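The structure appears right after this line, and notes come after that.
When a ligand or atom number is given, it counts from 1 through the structure's own listing order. Reckoned from all heavy atoms, side chains included, excluding hydrogens, waters and symmetry mates. Starting from 1, each residue takes its place in the sequence as its number. It should be emphasised that the depicted structure is a prediction, and the values quoted were computed from it without experimental measurement.
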Amino acid sequence: MIPVIYIPGDSGALALGAEKVAKAIAAALEKRGIEATIVRNGSRGLYWLEPMVEVATDSGRVAYGPVKPSDVASLFDAGLLSGGQHRLSLGNPEQIPFLAKQTRLTFARCGVTDPLSLDDYEAHGGLAGLRKAVAMTPADIVQTVTDSGLRGRGGAGFPTGIKWKTVHDTVAERKYIVCNADEGDSATFADRMIMEGDPFVLIEGMAIAGIATGATKGFVYIRSEYPHAIRAMEAAVGVARRAGVLGPAVLGSPNAFDIEIRAGAGAYVCGEETSLLNSLEGKRGVVRAKPPLPAIQGLFGKPTVINNVISLASVPIILDKGGEFYRDFGMGRSRGTIPIQIAGNVKHGGLFEAGFGLSLGEIVDEIGGGTATGRPVKAVQVGGPLGAYFPRDLFDTPFDYEAFAAKDGLIGHAGITVFDDTADMLKQARFAMEFCAIESCGKCTPCRIGSTRGVETLDKIAAGIEPEKNRALVTDLCNTMKFGSLCALGGFTPYPVMSAINHFPDDFAPQAKLEAAE
Ligand SMILES: Cc1cc2nc3c(=O)[nH]c(=O)nc-3n(C[C@H](O)[C@H](O)[C@H](O)COP(=O)(O)O)c2cc1C
Ligand code: SF4
């Protein structure tokens, strides 16, 4: 049998040198006259070990990492192709604790299969959900998704089944499925990883959504900063079309469904669903007032399902294994699994898919291994730039939509940024306001003007100008933004700002700090 070597083509791995490693391995094979197949797989999401090279052996996959081009010769000398021992040996990748502790449902194939091989996809359980869906009534598909308890993974956590039912029940001659792959939140990369590592699962999820709601056309709106994901999705759509997974007769059924890939132009607010629809229609990315809901009047005024990549990519396993199977994972009203993305100043950064319910402390200290600098963790921002900063005191909060909301926080797209004790929370609060000012679409006053006034007021606190009065002013301003903004960009910017003020008051008394130091 020809040996198979897996070298991730995922952009995270490429950023860490995977391309050079692939070239070095190809050159070594040629020089040594060895025949082997190189598969450019996705990443398993253990980024501190990338580039992680794997070989398929008789006793399963064996991993090595992080591999540099200069390690390649010694890896071959150590018997790379038969899983020989080397100082970079990691053994069976699935037994690395970071991976072994996960529950991989949505990411089951990511890093395992050849992302553009439909045969490999099917051999690992792919298309089983779609095959079931084409034999079901649309109403039954919607019911299965509702039963699963799946909630939108893009940020708002809205029940996916209810959204689909609204589109299903709305009569129109044309409907659309729009996949939100704008992934603008800091510390997030789950959408990118799945599009690059297992693109067919998203295609399958979108086709199921189309059949369930009566939509025949889907769009994937991908941020332009993701060129590898755009290429992977375009290639995978081509493969799926040629194989009859997409097209006028999905898997030979009477259902038509096709997908187009569109690149965004790089505005955070274009991740907001109505702004995204404007952008898809070729207009400026400005938020639309709701109602009408996109489910009733969305893209080009037609009923539209707009879902995040992970929401849609979680659907195939739900259809395959049933709503109850998925619902059995998780806690409270947060059902199923969530791909937690651990980033920032952390030792073991990467993607960790698990049922809802792990505590924030477990995620940061045990799974993430604490900070990369080795200093104490001071704060953790959960949910991207609009998420709250959590201090250690709140590390017992379980990863659950309601539990986070009860602590004035949010899960968002499940990105976690870790900060050590050198972080200045006043600067972080200012950054939140500045980010809002830069990314504001400008439609409503509390966000457009409030964010700029917020930056100015925080600057005054930093300069020691009437700190108490200005802290009260920032609090007042945050209330105006929270309750008066049209969308969550202006409405949620108060979360990072107020959590920084409330949990780290010392950082907002620079004058006092100065005096204490003297
Ligand atoms: C400023 C802003 C940015 C957003 N960015 C994204 C994004 O990048 N990706 C995403 O899926 N949802 C994003 N959302 C949430 C979307 O508006 C919407 O709730 C989501 O796409 C719905 O899909 P879901 O129900 O599957 O989560 C953003 C919302 C706001 C207010
Ligand atoms: S809150 Fe900001 S981004 Fe949202 S509609 Fe208002 S101005 Fe636009």
Side-chain angles (χ1 to χ4, degrees), residues 106 145 150-164 166-167 177-192 194-195 202 205-206 209 219-223 225-226 264 266-280 284-290 293-295 298 304-315 336 338-339 341 383-387 401 410-415 432-433 435-452 454 480-495:
T106 309
V145 173
L150 178 68
R151 291 166 71 177
R153 304 292 191 236
F158 188 79
T160 307
I162 294 180
K163 194 180 279 191
W164 288 23
T166 309
V167 178
I177 306 298
V178 172
C179 171
N180 189 341
D182 200 51
E183 196 161 60
D185 281 1
S186 42
T188 62
F189 44 86
D191 297 353
R192 182 192 59 67
I194 211 88
M195 288 189 287
L202 176 56
M206 289 179 72
F219 291 92
V220 187
Y221 183 93
I222 310 180
R223 59 185 298 132
E225 296 91 332
Y226 280 179
Y268 180 71
V269 79
C270 281
E272 192 283 332
E273 56 187 15
T274 61
S275 207
L276 188 156
L277 294 176
N278 272 337
S279 173
L280 259 185
R284 195 160 81 88
V286 178
V287 173
R288 297 178 185 171
K290 284 190 271 192
L293 291 172
T304 303
V305 165
I306 173 152
N307 270 138
N308 172 254
V309 172
I310 302 303
S311 316
L312 289 161
S314 301
V315 165
I338 177 95
Q341 299 129 85
L386 309 176
Y401 292 109
L410 53 116
I411 283 182
H413 188 44
M433 282 291 189
F435 179 81
C436 182
I438 292 169
E439 298 294 339
S440 169
C441 84
K443 181 144 176 165
C444 66
T445 314
C447 167
R448 186 184 66 246
I449 307 286
S451 50
T452 297
T480 306
M481 289 175 72
K482 189 169 169 182
F483 299 109
S485 295
L486 185 60
C487 87
L489 179 47
F492 282 34
T493 292
Y495 280 74

May I ask you to identify the nearest protein heavy atom to [atom], giving residue, atom name and distance to one decimal place in Å?
{"atom": "atom 23 (O) of ligand 1", "result": "N308 N, 3.2 Å"}
{"atom": "atom 4 (Fe) of ligand 2", "result": "C487 SG, 2.4 Å"}
{"atom": "atom 26 (O) of ligand 1", "result": "S311 OG, 2.6 Å"}
{"atom": "atom 12 (N) of ligand 1", "result": "N180 ND2, 3.1 Å"}
{"atom": "atom 1 (C) of ligand 1", "result": "Y268 CE2, 3.6 Å"}
{"atom": "atom 2 (Fe) of ligand 2", "result": "C447 SG, 2.3 Å"}

Which option out of C444, A267, S451, C441 puts a heavy atom nearest to atom 8 (Fe) of ligand 2?
->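 Checking each option, the heavy atom nearest atom 8 (Fe) of ligand 2 is found in C441.
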
Any idea which of R151, E273, E272 brings a heavy atom closest to atom 29 (C) of ligand 1?
->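 Among R151, E273, E272, the closest heavy atom to atom 29 (C) of ligand 1 belongs to E272.
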
Using a 4.0 Å cutoff against the non-hydrogen atoms of [X], which atoms of ligand 2 qualify?
{"X": "V269", "answer": "3 (S)"}
{"X": "S485", "answer": "1 (S)"}
{"X": "G490", "answer": "1 (S)"}
{"X": "S440", "answer": "2 (Fe), 7 (S)"}
{"X": "G442", "answer": "7 (S), 8 (Fe)"}
{"X": "L489", "answer": "3 (S)"}

Report the part of [X] (side chain from C-beta onward, or backbone N, CA, C, O) that has a heavy atom under 4.0 Å from ligand 1; answer both or neither where that applies.
{"X": "E183", "value": "backbone"}
{"X": "F492", "value": "neither"}
{"X": "K163", "value": "side chain"}

Regarding R192 and the six-membered ring of F189, is the cationic atom NZ or CZ under 6.0 Å from the ring centre and inside 45° of its axis?
->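 Verdict for F189: no cation-pi partner in R192.
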
Give the atoms of ligand 1, by number and element, whose distance to some non-hydrogen atom of [X] is under 4.0 Å.
{"X": "I306", "value": "22 (C), 23 (O)"}
{"X": "D182", "value": "8 (O)"}
{"X": "R153", "value": "26 (O), 27 (O)"}
{"X": "L489", "value": "1 (C), 31 (C)"}

Check whether [X] reaches the backbone of [Y] with its side chain - one donor and one acceptor, N or O, closer than 3.5 Å.
{"X": "S275", "Y": "G271", "value": "no"}
{"X": "D191", "Y": "A181", "value": "no"}
{"X": "S451", "Y": "C447", "value": "yes"}
{"X": "K163", "Y": "I306", "value": "yes"}
{"X": "H413", "Y": "G383", "value": "no"}
{"X": "K482", "Y": "P494", "value": "no"}
{"X": "S311", "Y": "R153", "value": "yes"}

Side-chain donor-acceptor pair present, Y268, D182, cut-off under 3.5 Å |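 Short answer, no.
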
Counting both backbone and side chain atoms, is some N or O of [X] under 3.5 Å from an N or O of ligand 1?
{"X": "G154", "result": "yes"}
{"X": "G184", "result": "yes"}
{"X": "G271", "result": "yes"}

Residues W164, L150; criterion side chain to side chain contact (heavy atoms under 4.5 Å, CB included); working and verdict | CA-CA 11 Å; W164 288 23; L150 178 68; over 6 Å; no

Decide yes or no for [X] and [Y]: does some side-chain heavy atom of the first lie under 4.5 Å from some side-chain heavy atom of the second?
{"X": "I411", "Y": "Y401", "result": "yes"}
{"X": "T106", "Y": "P339", "result": "no"}
{"X": "T188", "Y": "Q341", "result": "yes"}

Take M195 and E183 through the test side chain to side chain contact (heavy atoms under 4.5 Å, CB included) and record every step on the way to the result.
-> CA-CA 12 Å; M195 288 189 287; E183 196 161 60; 5.8 Å; no

